S.K.: 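Sending over a structure as structure tokens; questions will come in a sec.
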Number of protein chains: 2
Amino acid sequence: MSKDAPARDAEATRRRLLDAATGEFAAYGIAGARVDRIAAEARSNKAQIYHYFGSKDGLFDAVFDDMCRQTVDAVPIDPADLPEYAGRLHDSYVERPWVQRLATWYRLERAGSGAVVPIVVESTRAKVRAVAEAQEQGLLPTRFSAAELLGLVLHLSGFWSGNVPEYDEVAGPASAARRRQVVVESVAALLS
Amino acid sequence: MSKDAPARDAEATRRRLLDAATGEFAAYGIAGARVDRIAAEARSNKAQIYHYFGSKDGLFDAVFDDMCRQTVDAVPIDPADLPEYAGRLHDSYVERPWVQRLATWYRLERAGSGAVVPIVVESTRAKVRAVAEAQEQGLLPTRFSAAELLGLVLHLSGFWSGNVPEYDEVAGPASAARRRQVVVESVAALLS
DNA sequence: CGGTATCAACTAACTGACCAGTTGACATGG
DNA sequence: CCATGTCAACTGGTCAGTTAGTTGATACCG
């Protein structure tokens, strides 16, 4: 049993810190996150954070990279059925709402740093290639370039995650099924 | 000449503070913005900020409200030509990039406060009405509700303002004209 | 096997910088 | 001379990052 739950388990502590930090950064962003809250939430201690991750920024990088790894392959692309692909992406955003928030904080607070996450670049490149091949086979229209088409699909998938409260106020509540349908149908319309 | 440039002009000072704060909040968000930087940039000082706006949050509210007033009527909706409307919205985002950033910070950092900006709600309501009327006249498809359609158009208008750096890296540079065309054509496709 | 040396994991308390917000004195125009 | 606009200096609290020390598991030795 010693392997299952050692009283002092570095890997488990690291994991708890990462999970707590994910919630904190998703909620408050980099500038708004509090290192003390993360340590408390993880039932650990600030010094551990600096031991494992070096700095607050280093912790965010680790959180973001971790999230990317979990996300990148979670929803494999299906170039032959982009509407359904968008629907599944939408589902994944509903299921894991912090993903979109982290990505948005990243874009706002890390813009211009020039640093990119290689795993995301690589996976995006692969998806563009897949779309380009489908275009060559006549499965997809060529009115948009492969990169443009992929970008539009990804953007539309996040339609319901990126609205200001004022819009929700006016639009009123929509059922989960209807929201998904809007995403699927709008992508389908793009491909006409 | 006393009216043109009085040595002590409360209104002008207020304006400088508002403009400086707009840049600061757009760049760093609410938590990241520094009141001292705003005061320095406005060639004023902190006490003025607290005199005119009460608090940092009050200053953000004033900035956001000010931006909304300037934006809401800047691009009037044309329900008979939504693609071109989206194109003009896109143009306005290119011209005034801080608008999208402020809106995003607002969404992330003020979510759940329940407070909404009345002027935005009202203008959105009017736009939904305009779209609904155009649908009744058969000018627009009814596959999406008026609110959904408006939401999709607004969302697509911001396509090029909301991408993570990794996407730009993969997609490579696109000309300003092409970017606009993608927005216009994607909205046109929605209406087919 | 019992004692102990060693090291990684862990912790509480501290520090120094920074920052939102305040104060009270001074300037200037009417 | 007073209303109002302006400002430098101050304050109290907060927060990222550090330090010095404790705990517990394991390896090593007599």
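Residue numbers begin at 1 in each chain, while the letters A, B, ... track the order of the sequences. The structure presented is a predicted model; accordingly, all values stated were derived computationally and were not measured.
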S.K.: Pick the closest DNA chain D nucleotide for A/Ala31 and for B/Ser44 by heavy atoms, then say which residue is nearer the 5' end.
M.R.: B/Ser44
S.K.: Return the nearest nucleotide to the side chain of A/Ser55; candidates are D/dA16, C/dT11, D/dG17.
M.R.: D/dG17
S.K.: With respect to the phosphate group of D/dA16, does any side-chain polar atom (N or O) of A/Lys56 fall under 4.0 Å of OP1 or OP2?
M.R.: yes
S.K.: Suppose we define a pair by two distances each less than 3.5 Å, Watson-Crick or G-U wobble; what does D/dG30 pair with here?
M.R.: C/dC1
S.K.: Whole angstrom is fine here: how far is it from CD1 in A/Ile49 over to P in C/dT11?
M.R.: 12 Å
S.K.: Whole angstrom is fine here: how far is it from OH in A/Tyr50 over to C1' in C/dA12?
M.R.: 16 Å
S.K.: Out of C/dA9, D/dA16, D/dC7, which has the shortest distance to the side chain of A/Asp36?
M.R.: D/dA16
S.K.: Using a strict cut-off of less than 4.0 Å between a Lys/Arg side-chain nitrogen and an Asp/Glu carboxylate oxygen, indicate whether B/Asp66 and B/Arg15 qualify as a salt bridge.
M.R.: yes
S.K.: Students often mix this up, so state it plainly: with edges at 30° and 60°, are the rings of B/Phe64 and B/Tyr106 parallel, tilted or perpendicular?
M.R.: parallel
S.K.: Could you check whether B/Ala33 gets within reach of a base, just the sugar-phosphate, or nothing at all, counting any heavy atom under 4.0 Å?
M.R.: sugar-phosphate
S.K.: Search all heavy atoms of B/His90 against all heavy atoms of B/Trp160 and return the closest pair with its distance.
M.R.: CE1-CD1, 3.7 Å
S.K.: Would you kindly give the CZ-to-P distance between A/Arg37 and D/dT14, to the nearest whole Å?
M.R.: 12 Å
S.K.: Please determine, for D/dA3, whether a Watson-Crick or G-U wobble partner exists with both distances under 3.5 Å, and give it or none.
M.R.: none
S.K.: Strictly below 4.0 Å: does A/Tyr52 bring a side-chain N or O up to OP1 or OP2 of C/dC10?
M.R.: yes
S.K.: Taking only Lys NZ, Arg NE, NH1 and NH2, and the carboxylate oxygens of Asp or Glu, determine whether B/Glu166 and A/Arg107 approach each other closer than 4.0 Å.
M.R.: no
S.K.: Could you check how far CD of B/Gln48 sits from P of D/dA8, rounded to whole Å?
M.R.: 11 Å
S.K.: Here's a test of your reading of the structure: between B/Arg43 and A/Lys46, which maps to the more 5' nucleotide of DNA chain D?
M.R.: B/Arg43
S.K.: Taking atom CD of A/Glu41 as the centre, report whether more than 12 heavy atoms of other residues, nucleotides or ligands fall under 6.0 Å from it.
M.R.: no
S.K.: Given atom CG of B/Leu17 and atom C1' of D/dC7, what is their separation to the nearest angstrom?
M.R.: 13 Å
S.K.: Tell me whether the NZ or CZ atom of B/Arg110 lies within the 45° cone about the ring axis of B/Phe60 and under 6.0 Å from its centre.
M.R.: no
S.K.: What is the distance from CZ of A/Arg14 to C1' of C/dC10, rounded to the nearest Å?
M.R.: 16 Å
S.K.: Can you tell me if the side-chain N/O atoms of B/Thr13 get under 4.0 Å from OP1 or OP2 in D/dT6?
M.R.: yes
S.K.: Over all strands shown, is B/Ala47 touching base, sugar-phosphate only, or nothing at heavy-atom distances under 4.0 angstrom?
M.R.: base
S.K.: Can you check whether B/Arg34 has a side-chain N or O nearer than 4.0 Å to OP1 or OP2 of C/dC18?
M.R.: no
S.K.: Without decimals, in angstroms, what is the distance between B/Phe60 CZ and C/dG21 P?
M.R.: 15 Å
S.K.: Measure from CZ on A/Arg16 to P on C/dT11 and round the result to the nearest Å.
M.R.: 8 Å
S.K.: Taking only side-chain N and O atoms of B/Asn45, does any of them lie within less than 4.0 angstrom of OP1 or OP2 on D/dC7?
M.R.: yes
